[in-house]
Trainee: 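Quick one: this structure, given as structure tokens, is what I'll be asking you about.
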Amino acid sequence: MPMAITGLKGGLITLGLLITHVCGYAQTNNFKESSCIFQDTLQLADSLPTDKPTVPDLHKTEHSRFNAKQLILPGSLVAIGVFGVYNGAFKKLDTKIKNGMDNLRGNHFFHADDYVQYLPALTYLTFGSIGIKSRHSFKERVAVEATAYIAMAALTNIGKYSFKEKRPDSGARNSFPSGHTATVFTGAELMREEYGTGIGIGAYTVAVGVAFLRLYNGRHWLNDVIAGAGIGILSARIGYWMLPVYRKWFKWDKKSSDITVITPGYNPACRSFSINMAYTF
């Protein structure tokens, strides 16, 4: 009798799982990344993408197209930073700001900038997966961000080894441009491009805060952070400019895009639950 009852319980649980709707997380070129679709297998099959072009595809092309005007702001910031390396009047301004920060800070350093610099980079990848509308899929964002930060690291290190500007707090000659500032501004520009002006303002507020802390902690001159901001913005735009190339290489524009489905499962013999994931591409 106990075995019969146990078998009956297992059968009822199994039947309940079979008749319940399946929660499928599907990511395609035409689906919103964070959509959770409650439907059975037939409904999921009916929702597969068609060959019709969609509005998001047009946005992807628009935001990834090279535009020479996008060079004006970052180019101007980098030019001002370079000017500050050699100009005597700008050097006096650098020194004045350093002295003011030294008086403001005293011995109370605040090194949050060492960690906060990575915040926009992290949120750029994750926001699209928690319900915030993004312009590109997760894999495209990974490609854009990787390209942007590779470009940022290259440009920053070229500047440090070329100009050999002395830091305000030590004899190290790697002050120009500010790597922390370049890192956080790369993420801020990525956030603005991907999620729009509203979220971009928040990301840029974080970026300006990090730039201020580089001055407050006496790690950089003013022209260092100005150039770092320019390099960060430029690097983010390089990441987006390369996206059409990646789409062509990896054939991401095909409408038979990848689909991920996650379903629950129960094994009555072992009395164990499981989560099953299927990925097609």
Side-chain angles (χ1 to χ4, degrees), residues 24-37 47-71 73-74 117-154 182-204 206-207 231-262 277 279-281:
Y25 175 87
Q27 180 180 331
T28 69
N29 284 343
N30 295 331
F31 287 166
K32 293 180 180 179
E33 182 177 346
S34 60
S35 297
C36 189
I37 307 168
S47 67
L48 293 177
T50 64
D51 291 334
K52 294 181 180 180
T54 60
V55 174
D57 291 331
L58 298 177
H59 283 307
K60 290 180 182 181
T61 302
E62 177 184 352
H63 285 273
S64 302
R65 185 181 296 119
F66 173 80
N67 186 342
K69 292 181 180 179
Q70 292 181 318
L71 294 171
L73 175 60
Q117 61 172 320
Y118 303 112
L119 181 60
L122 177 62
T123 54
Y124 174 74
L125 289 180
T126 57
F127 268 21
S129 300
I130 60 174
I132 298 176
K133 184 178 179 181
S134 61
R135 290 193 173 106
H136 302 86
S137 67
F138 180 77
K139 64 185 177 185
E140 289 178 325
R141 296 202 303 276
V142 169
V144 168
E145 185 171 71
T147 303
Y149 278 100
I150 289 172
M152 183 276 297
T183 297
V184 72
F185 270 85
T186 299
E189 179 63 11
L190 289 174
M191 291 288 287
R192 187 195 68 81
E193 285 282 354
E194 189 66 29
Y195 300 106
T197 303
I199 292 179
I201 291 173
Y204 267 96
V206 172
I231 288 175
I233 295 171
L234 175 61
S235 299
R237 293 178 180 178
I238 289 173
Y240 277 107
W241 292 337
M242 286 297 297
L243 187 54
V245 178
Y246 298 144
R247 288 201 190 109
K248 184 176 180 180
W249 285 353
F250 302 114
K251 301 180 180 179
W252 286 345
D253 284 331
K254 285 188 175 182
K255 296 303 176 183
S256 56
S257 58
D258 51 319
I259 301 174
T260 303
V261 179
I262 302 175
M277 183 176 71
Y279 179 77
T280 61
F281 56 92

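The structure presented is a predicted model; accordingly, all values stated were derived computationally and were not measured. We number each residue from 1, following the sequence as shown.
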Trainee: Considering only heavy atoms from C-beta outward, does the side chain of Phe66 approach that of Leu71 to under 4.5 Å?
Mentor: yes

Trainee: What I'd like to find out is whether the side chain of Arg247 reaches to under 4.5 Å of the side chain of Glu140, using heavy atoms alone.
Mentor: yes

Trainee: Determine yes or no for a side-chain-to-main-chain donor-acceptor pair under 3.5 angstrom, with Arg192 supplying the side chain and Ala203 the backbone.
Mentor: no

Trainee: Shortest non-hydrogen contact from Pro120 to Gly187?
Mentor: CB-C, 3.4 Å

Trainee: Where do Met152 and Ser235 come nearest, in terms of heavy atoms and distance?
Mentor: CA-OG, 3.1 Å

Trainee: Looking at residues at least two apart in the chain, or sitting in another chain, which of them share a side-chain hydrogen bond (donor to acceptor under 3.5 Å, both in side chains) with Glu194?
Mentor: His136, Tyr240

Trainee: List the atom of Ala148, the atom of Thr186, and the distance in Å for their closest heavy-atom pair.
Mentor: CB-CG2, 3.9 Å

Trainee: Mind listing the closest non-hydrogen atom pair of Gly196 and Arg135 along with its distance?
Mentor: N-NH1, 4.1 Å

Trainee: Let me confirm one number: the CZ-CG distance from Arg237 to Leu73, rounded to the nearest 0.5 Å.
Mentor: 6.0 Å

Trainee: Which value, rounded to the nearest 0.5 Å, describes the distance between Ile233 atom CD1 and Ile238 atom CD1?
Mentor: 12.5 Å

Trainee: Has Tyr195 got a side-chain atom pairing as donor or acceptor with Gly128's backbone, closer than 3.5 angstrom?
Mentor: yes

Trainee: Looking at every non-hydrogen atom in both residues, tell me the closest pair between Trp252 and Ala143 and how far apart they are.
Mentor: CH2-CB, 4.0 Å

Trainee: Step by step, would you call Thr197 with Tyr204 a side chain to side chain contact (heavy atoms under 4.5 Å, CB included)?
Mentor: CA-CA 10 Å; Thr197 303; Tyr204 267 96; over 6 Å; no

Trainee: Is the shortest heavy-atom distance from the side chain of Gln70 to the side chain of Trp241 under 4.5 Å?
Mentor: yes

Trainee: What pairs with Tyr149 under side-chain hydrogen bond (donor to acceptor under 3.5 Å, both in side chains), at least two apart in sequence or on another chain?
Mentor: none

Trainee: Please name all residues satisfying side-chain hydrogen bond (donor to acceptor under 3.5 Å, both in side chains) with Thr147, sequence neighbours left out, ordered by chain then number.
Mentor: Tyr246

Trainee: How many angstroms lie between atom CG of Leu119 and atom OG1 of Thr183, to the nearest 0.5 angstrom?
Mentor: 13.0 Å

Trainee: Search all heavy atoms of Leu125 against all heavy atoms of Arg141 and return the closest pair with its distance.
Mentor: O-NH2, 2.8 Å

Trainee: Hey, could you give me the CD/OG distance between Glu193 and Ser134, rounded to the nearest 0.5 Å?
Mentor: 13.5 Å

Trainee: Rounded to the nearest 0.5 Å, how far apart are CD1 of Ile150 and CD of Glu145?
Mentor: 11.0 Å

